[in-house]
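Note sheet for the following structure.
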Amino acid sequence: MPSPSGPAPSGPTPACPDGARAAGGTRRADAARPPGYRAVFAVHEFRYVFAAHLLSSLGVVVCELALSVLVFRITASPLLSALTFALGLLPYAVGGTLLSAVADRCPARRVLVVCDLLCALAAAGMVLPGTPVGVLLALRCVLAAIAPVFAGTRAATLGETLGEGELFVLGRSVIRLVNQGAQLAGFAAGGLLLAAVTPRAVLALTAGTFLASALLLRLGTRARPARRGVRGTGRGALLESSLGGVRRLLADRRVRALLLLTWLPPAFVVVPEALLVPYSGLLGVGPTGTGLLLCSMPIGAVVAESLVGSLLGPRARLTFPMGVFAVLPSLGFAARPSLGWAVLLLVLTGTGISYNFGVDRWFVAAVPEELLGQAMTLMQAGRMTVMGLAMGLAGVAAQWAPLRVVMPAAGVVGAVCVLAVICQVRRTTPGRASAGPVRGGAGPGARGVAGPPAGTEK
């Protein structure tokens, strides 16, 4: 298997020959320009990671939709059908805490492949005729519990695949773009498939996407050992190791502040999103208008992420202002905007996703190297859990107060909470905030840990 490409080596640029001096100014400008997405996809191994993530993400979305339709056809219960979506969020807390040590205790490629195979088995179990509804929902929980371990392990290995500088940040951006795009494409593809074949046939196809993802990861990524300092902990209980790692991470003020900065903006952003169906009913726009509203936020996220990743730099400067801005457009719902204005507000909300560029880099710099996989797992699990809780609380609040009060209230409370967390992040920054290199660089949270990325090839 060919060795993966890596980021361009650091160091002084070779002297320009005399014949090329005329282009010297342009070349120096190019060297100073931050790398774009093309540099990420130039890394051979990352292309396999991207393709595998695209397949598994589409599989999850289509599986969720097909399972919801299947449960409704079996039970005719809207509650149980909706529960299939809720169960996609709540078990994240279990997998992200009790199983988080797996990301660092085991070789990364093995973890990723096994996670995909377990997801394929769970999807295959849903296909079997006569499977009770309770078992179907339990299998959905299995998928959700595996997801944070898979996501955390993959995020940690990006540092080994791309290095831990700008390419790592852009690689994380590509993963977010796939997540947002999968929501749009997955629901569209799932709807078309369900119009042509049965839900169980669609579930069988999703099992195939997980198997294909596992094959890509097995053949296209390098076998790396478990992280340094973790390989000797195999004798300890997994639960004890996971909880101990979580306690160690949360005890660090810097890590805790960055985790909150990762969790809080999405928690308040999803409040108006969770209430879009009743809001569309309030406007009387019908299914087409409802679909347009639901697509608006992912569209804004994809556009903003693509533009920032391709054109802007240094990107970390956007972290604080965009973190606050993400929760502000919901204030506009106090005026009960029409469909067009509501779509604009939601698109603007989606653009707030660009605040992650700085958080990703600072977080990787702040966590101990031997807990990087567990830290990324905890980050993902916490984000999904607080989003699920926020959706539930939004529904409860909407039972007692009008939507034009609940939706803007999320913006007010969110702005206050995000500003408070930003102050905490600033207080815990060792030195002036900048977009410098992580681990051994001058970026926020850098602890001067020099040397190559963890998990070198055997």
Requested in this report: Check each of L344, L345, V343 against P337 using the side-chain contact (heavy atoms from CB on, under 4.5 Å) test, and report the only one that passes.
Outcome: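 Only one of L344, L345, V343 forms a side-chain contact (heavy atoms from CB on, under 4.5 Å) with P337, namely L345.
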Spell out, as yes or no, whether a donor-acceptor pair under 3.5 Å connects the side chain of [X] to the backbone of [Y].
{"X": "R200", "Y": "L128", "result": "yes"}
{"X": "R253", "Y": "T428", "result": "no"}
{"X": "T157", "Y": "R154", "result": "yes"}
{"X": "R404", "Y": "A335", "result": "no"}
{"X": "Y37", "Y": "S173", "result": "no"}
{"X": "T262", "Y": "L258", "result": "yes"}
{"X": "T206", "Y": "L203", "result": "yes"}

Requested in this report: List in chain and number order the residues that pass side-chain hydrogen bond (donor to acceptor under 3.5 Å, both in side chains) with T351, two or more places apart in sequence or in another chain; answer none if no residue qualifies.
Outcome: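 None.
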Query - Results of side-chain hydrogen bond (donor to acceptor under 3.5 Å, both in side chains) for S296 - residues two or more places apart only - result: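 For S296 there are no side-chain hydrogen bond (donor to acceptor under 3.5 Å, both in side chains) partners, ignoring immediate neighbours.
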Side-chain contact, heavy-atom cut-off 4.5 Å: [X] with [Y]?
{"X": "V425", "Y": "R254", "answer": "yes"}
{"X": "V149", "Y": "T153", "answer": "yes"}
{"X": "S57", "Y": "N179", "answer": "yes"}
{"X": "L276", "Y": "L346", "answer": "yes"}
{"X": "V324", "Y": "L419", "answer": "yes"}
{"X": "F325", "Y": "L348", "answer": "yes"}
{"X": "L378", "Y": "L250", "answer": "yes"}
{"X": "W263", "Y": "V421", "answer": "no"}

Report task. Could you check E64 against V61 for side-chain contact (heavy atoms from CB on, under 4.5 Å), going step by step and ending with a plain yes or no? Result -> CA-CA 5 Å; E64 189 175 65; V61 175; 5.5 Å; no
Query raised in the report: So which pairs with a foot in residues 174-184 pass salt bridge (Lys or Arg N to Asp or Glu O under 4.0 Å), sequence neighbours left out?
Result: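 Listed once each, the pairs are R176-E305, R176-D360.
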Query raised in the report: L143 and V60: side-chain contact (heavy atoms from CB on, under 4.5 Å), yes or no, with the steps?
Result: CA-CA 8 Å; L143 289 175; V60 168; over 6 Å; no
Which heavy atom of [X] sits nearest a heavy atom of [Y], and at what distance?
{"X": "L339", "Y": "G289", "value": "CD1-O, 4.0 Å"}
{"X": "Q380", "Y": "A151", "value": "CG-CB, 3.8 Å"}
{"X": "Q374", "Y": "G245", "value": "NE2-CA, 3.4 Å"}
{"X": "L260", "Y": "P265", "value": "O-CD, 4.2 Å"}
{"X": "A122", "Y": "V142", "value": "CB-CG1, 4.5 Å"}
{"X": "T161", "Y": "V43", "value": "O-CG1, 3.8 Å"}

How long is the straight-line distance from [atom2] of [Y] back to [atom1] of [X], given to the nearest 0.5 Å?
{"X": "T75", "Y": "L70", "atom1": "OG1", "atom2": "CG", "value": "9.0 Å"}
{"X": "Q424", "Y": "L261", "atom1": "CD", "atom2": "CG", "value": "11.0 Å"}
{"X": "L293", "Y": "S280", "atom1": "CG", "atom2": "OG", "value": "6.0 Å"}
{"X": "F333", "Y": "T349", "atom1": "CZ", "atom2": "OG1", "value": "6.5 Å"}
{"X": "L58", "Y": "F210", "atom1": "CG", "atom2": "CZ", "value": "10.0 Å"}
{"X": "F168", "Y": "L158", "atom1": "CZ", "atom2": "CG", "value": "6.0 Å"}

Query - Test log, rule side-chain contact (heavy atoms from CB on, under 4.5 Å), inputs S213 and L217 - result: CA-CA 6 Å; S213 174; L217 291 170; 4.1 Å; yes
**Report entry** Residue list, side chain to side chain contact (heavy atoms under 4.5 Å, CB included) with V412, at least two apart or on another chain
**Finding:**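 For V412, the residues satisfying side chain to side chain contact (heavy atoms under 4.5 Å, CB included) (neighbours in sequence not counted) are L331.
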Report task. Taking side chain to side chain contact (heavy atoms under 4.5 Å, CB included) as the test, write out the residues that go with A212, two or more places apart. Result ->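 With sequence neighbours excluded, A212 shows a side chain to side chain contact (heavy atoms under 4.5 Å, CB included) to L55, given in chain and number order.
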Query raised in the report: Does the ring center of F320 lie less than 6.0 Å from the ring center of W362?
Result: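 Ring centroids of F320 and W362 are less than 6.0 Å from each other.
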Requested in this report: Show the numbers, then the answer: is there a side-chain contact (heavy atoms from CB on, under 4.5 Å) between L121 and L117?
Outcome: CA-CA 6 Å; L121 285 174; L117 293 177; 5.6 Å; no
Query - Sequence neighbours excluded, every pair satisfying side chain to side chain donor-acceptor pair (under 3.5 Å) that has a member inside residues 320-340 - result: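 The answer is none; no pair qualifies.
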